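All values derive from a computational prediction rather than experimental measurement.
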Amino acid sequence: KTTLASAVVDDLKASGLAVGGILAPGTFRNGRRHSFDLLDLRTGERTPFASRERSPGWSQLGVFWIAPDGPSRGRAALSPEPAEVIVVDEVGPWELQGSGWCAELDALARRDVALLLTVRRECLTAVIERWRLEDAAVFEVGEADPALVALALRPDGLTA
């Protein structure tokens, strides 16, 4: 999901669009996500966000430990100004339970800004219902062409 979103972001930026939000590149151990960072798409700043390993000063959320400044950095990156497209990588169980980026998604869903959300298949229906995204285009990660996804996010849509 992150790899596709990153390619879409590159395409959008190359076309001159202002892109904000976050990517969550991570590490994997034994086939499961072990840790992830936040990459602020507006500033390019990358900071540690969560890890399965406990770190001093980090707080627990489910099986992950969250960096003390991680949530505030994520919230700042999810501000809609001055972006034309906002990326949230990823929206899942945390947000559906009212944690993570839930409040930011509530605000973004009310704004006139294009959203690129990465969502696990098992959470897709609930995410669509929760944020009233019934008209959203849905792309399968393994099959999607980043250029076509980027076109769907442009203000002029697929007519570009």
Side-chain angles (χ1 to χ4, degrees), residues 1-29 31-51 61 64 66-67 70-71 73-96 99-109 111-158 160:
K1 295 182 300 283
T2 302
T3 301
L4 174 62
S6 181
V8 172
V9 166
D10 290 345
D11 194 298
L12 291 168
K13 286 183 174 184
S15 71
L17 290 177
V19 180
I22 54 173
L23 289 177
T27 62
F28 290 82
R29 290 190 186 165
R32 67 181 190 171
R33 184 168 266 210
H34 177 73
S35 67
F36 55 99
D37 295 342
L38 288 184
L39 176 60
D40 184 325
L41 295 172
R42 192 173 295 116
T43 67
E45 186 175 337
R46 183 173 174 156
T47 58
F49 182 73
S51 175
L61 180 59
F64 285 98
I66 309 298
R73 289 179 182 263
R75 283 190 294 277
L78 291 172
S79 166
E81 302 301 330
E84 297 166 277
V85 177
I86 299 287
V87 178
V88 186
D89 176 31
E90 94 181 50
V91 179
W94 285 352
E95 289 74 21
L96 290 168
S99 297
W101 314 122
C102 181
E104 289 72 28
L105 287 163
D106 287 346
L108 289 168
R111 300 287 304 254
D112 186 24
V113 62
L115 297 174
L116 172 59
L117 311 178
T118 65
V119 180
R120 290 184 226 160
R121 180 175 287 129
E122 64 267 19
C123 296
L124 182 60
T125 300
V127 167
I128 289 171
E129 290 173 0
R130 168 67 178 81
W131 284 282
R132 296 177 184 92
L133 304 171
E134 291 80 12
D135 295 331
V138 176
F139 298 90
E140 288 287 334
V141 169
E143 302 166 8
D145 177 346
L148 290 178
V149 176
L151 279 174
L153 290 164
R154 291 174 52 91
D156 51 359
L158 291 171

Run the ring pair (Phe, Tyr, Trp, His ring centres under 6.0 Å) test against F36 and tell me which residues pass, sequence neighbours left out.
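For F36 the ring pair (Phe, Tyr, Trp, His ring centres under 6.0 Å) partners, ignoring immediate neighbours, are F49, F64.
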Looking at every non-hydrogen atom in both residues, tell me the closest pair between [X] and [Y] and how far apart they are.
| X | Y | result |
| --- | --- | --- |
| P48 | A67 | O-CB, 3.5 Å |
| P146 | A144 | CD-O, 3.6 Å |
| E134 | R132 | OE1-C, 3.1 Å |

Side-chain touch [X]/[Y], heavy atoms, less than 4.5 angstrom:
| X | Y | result |
| --- | --- | --- |
| W94 | I66 | yes |
| L117 | L105 | yes |
| T118 | T2 | no |

What's the verdict on side chain to side chain contact (heavy atoms under 4.5 Å, CB included) for I22 and L78, showing C-alpha distance, side-chain angles and the deciding distance?
CA-CA 7 Å; I22 54 173; L78 291 172; 4.0 Å; yes
Steps toward side chain to side chain contact (heavy atoms under 4.5 Å, CB included) verdict (F28, H34)
CA-CA 5 Å; F28 290 82; H34 177 73; 5.9 Å; no
Would you sort out whether W131 and L115 count as a side chain to side chain contact (heavy atoms under 4.5 Å, CB included), showing the intermediate values?
CA-CA 11 Å; W131 284 282; L115 297 174; over 6 Å; no
Rounded to the nearest 0.5 Å, what separates atom [atom1] in [X] from atom [atom2] in [Y]?
| X | Y | atom1 | atom2 | answer |
| --- | --- | --- | --- | --- |
| L96 | E129 | CG | CD | 10.0 Å |
| D37 | R73 | CG | CZ | 11.5 Å |
| I128 | C123 | CD1 | SG | 11.5 Å |
| L153 | L148 | CG | CG | 11.0 Å |
| T27 | R33 | OG1 | CZ | 8.0 Å |
| I86 | E104 | CD1 | CD | 11.0 Å |

Restricting to pairs with a member in residues 1-24, which pass salt bridge (Lys or Arg N to Asp or Glu O under 4.0 Å), not counting sequence neighbours?
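Only K1-E90 qualify under salt bridge (Lys or Arg N to Asp or Glu O under 4.0 Å).
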For the backbone of [Y] and the side chain of [X], can you confirm whether one donor and one acceptor N or O come within less than 3.5 Å of each other?
| X | Y | result |
| --- | --- | --- |
| R42 | A18 | no |
| D89 | A24 | yes |
| R130 | E95 | no |
| S15 | L12 | yes |

Applying side chain to side chain contact (heavy atoms under 4.5 Å, CB included), run through F139 and V8 and close with a yes or a no.
CA-CA 12 Å; F139 298 90; V8 172; over 6 Å; no
Between E84 and R154, does any NZ, NE, NH1 or NH2 come within less than 4.0 Å of an OD or OE carboxylate oxygen?
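Salt bridge between R154 and E84, a charged N being under 4.0 Å from a carboxylate O: no.
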